[in-house]
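Below is one structure, written out as structure tokens, with a few remarks after it.
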Amino acid sequence: MARLHRPKAGFWIRTWVMILFPITSALFRLRWRHLDRVPAPSEGGVLIVMNHVSQIDTILMARLVWSSGRVPRFMIKAGVFDWPIVGYMMRGSGQIPVYRGTADAAQSLRDAVTALERGEAVVIYPEGTTTKDPANWPMLAKTGIARLVLLSPDTPVVPVGQWGPHRMGGFSPKRLGRRRTSLASVGEPLDMSRYRGKEETAEVLREITDEIMSAVRDEVAELRGEPAPAEFFVPEVKYIDKR
């Protein structure tokens with residue numbers, strides 16, 4: 001799959017490409033729509049927002065962003081950066097660690113804004129984990145995406161809906177040679193500049209988050225060929241007694 005644009009990519013990004021392309025080609029048939037809707041590198045930074053259906057879909061969406069002509073900078077939970085080899089490659093390729101529930105959480109947003117100001121393509125899964133919706137629709141998202149928009153309101157937000165990787169199931173010899181289909185649809189960039197200067201209230205954060213995730217959900221509905229639910233599924237919050 002040829003790239004739409006060819007900006008420079010460093011050693012570690014090209015190493016990821018060499019590793020992941022054969023894997024994704026062997027396991028999936030890629031059926032992606034409207035990659036040309038991702039702004040070209042010459043247009044500056046872009047925030048790419050996706051739904052999360054499977055642990056394996058990150059490598060598929062990394063390839064989608066690369067194929068659109070951008071170098072992906074994923075916001076990924078910080079624990080992954082502690083993994084042997086993989087963590088080193090993550091840092092080397094400019095991925096952004098997300099520190100949840102710690103004093104370093106704000107640093108993740110600052111790092112993402114810095115990347116956007118450099119003209120990078122920052123990729124985020126606002127749900128924070130794979131969807132818990134019983135029908136695999138995008139669930140209620142966390143508001144980190146809204147905080148990022150308020151910090152960089154002139155950055156275009158590109159919604160991407162995906163469907164299919166969750167059907168892969170586990171690995172087994174019987175599955176070799178049986179490729180699943182990875183569907184993805186890129187929506188029109190969203191102009192969030194009207195939120196410039198808005199106060200960071202709970203209402204504003206939820207409004208921004210739901211607007212963006214509704215656009216993602218619309219792309220998923222197009223791929224599934226069925227209407228999306230009117231409300232986002234709210235996952236059960238498990239209380240952990242730390243006493």
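Bear in mind that the values here come from a model prediction, so they are computed numbers and not experimental data.
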Could you give all pairs that pass the salt bridge (charged side-chain N to carboxylate O under 4.0 Å, His left out) test and reach residues 18-29, with sequence neighbours left out? none
Distance-only donor-acceptor hits, side chain of residues 116-126, under 3.5 Å, sequence neighbours excluded:
unit_1 : atom_1 : unit_2 : atom_2 : d
Glu120 : OE1    : Arg73  : NE     : 3.2
Tyr125 : OH     : Asp57  : OD1    : 2.8

Considering residues at least two apart in sequence or located in another chain, which fulfil the side-chain hydrogen bond (donor to acceptor under 3.5 Å, both in side chains) criterion with Tyr195? Glu207, Glu211
Who passes side-chain hydrogen bond (donor to acceptor under 3.5 Å, both in side chains) against Thr155, sequence neighbours left out? Ser152
Using the test salt bridge (Lys or Arg N to Asp or Glu O under 4.0 Å), find all partners of Arg31 that sit at least two apart in sequence or belong to another chain. none
List the residues meeting side-chain contact (heavy atoms from CB on, under 4.5 Å) with Asp154, not counting sequence neighbours, and say none if there are none. Ser193, Arg196
For residues 121-136, the salt bridge (charged side-chain N to carboxylate O under 4.0 Å, His left out) pairs (sequence neighbours left out) are none
Residues in salt bridge (Lys or Arg N to Asp or Glu O under 4.0 Å) with Arg224, at least two apart? Glu226
In Å, rounded to the nearest 0.5 Å, how long is the span from CG of Leu60 to CG of Leu27? 8.5 Å
Tell me every residue that passes ring-ring contact (aromatic ring centres under 6.0 Å, His included) with Trp12, counting only those two or more places apart in sequence or in another chain. Tyr88
Atom pairs and distances, side-chain donor-acceptor, residues 135-147, under 3.5 Å, sequence neighbours left out:
unit_1 : atom_1 : unit_2 : atom_2 : d
Thr143 : OG1    : Arg147 : NH1    : 2.8
Arg147 : NE     : Glu200 : OE2    : 3.2

Restricting to salt bridge (Lys or Arg N to Asp or Glu O under 4.0 Å), what partner residues turn up for Arg33, sequence neighbours left out? Glu222
Taking only residues at least two apart or on different chains, which pairs with a member in residues 181-191 satisfy salt bridge (charged side-chain N to carboxylate O under 4.0 Å, His left out)? Arg37-Glu188
Do Arg180 and Ser54 have a side chain donor and acceptor closer than 3.5 Å? no
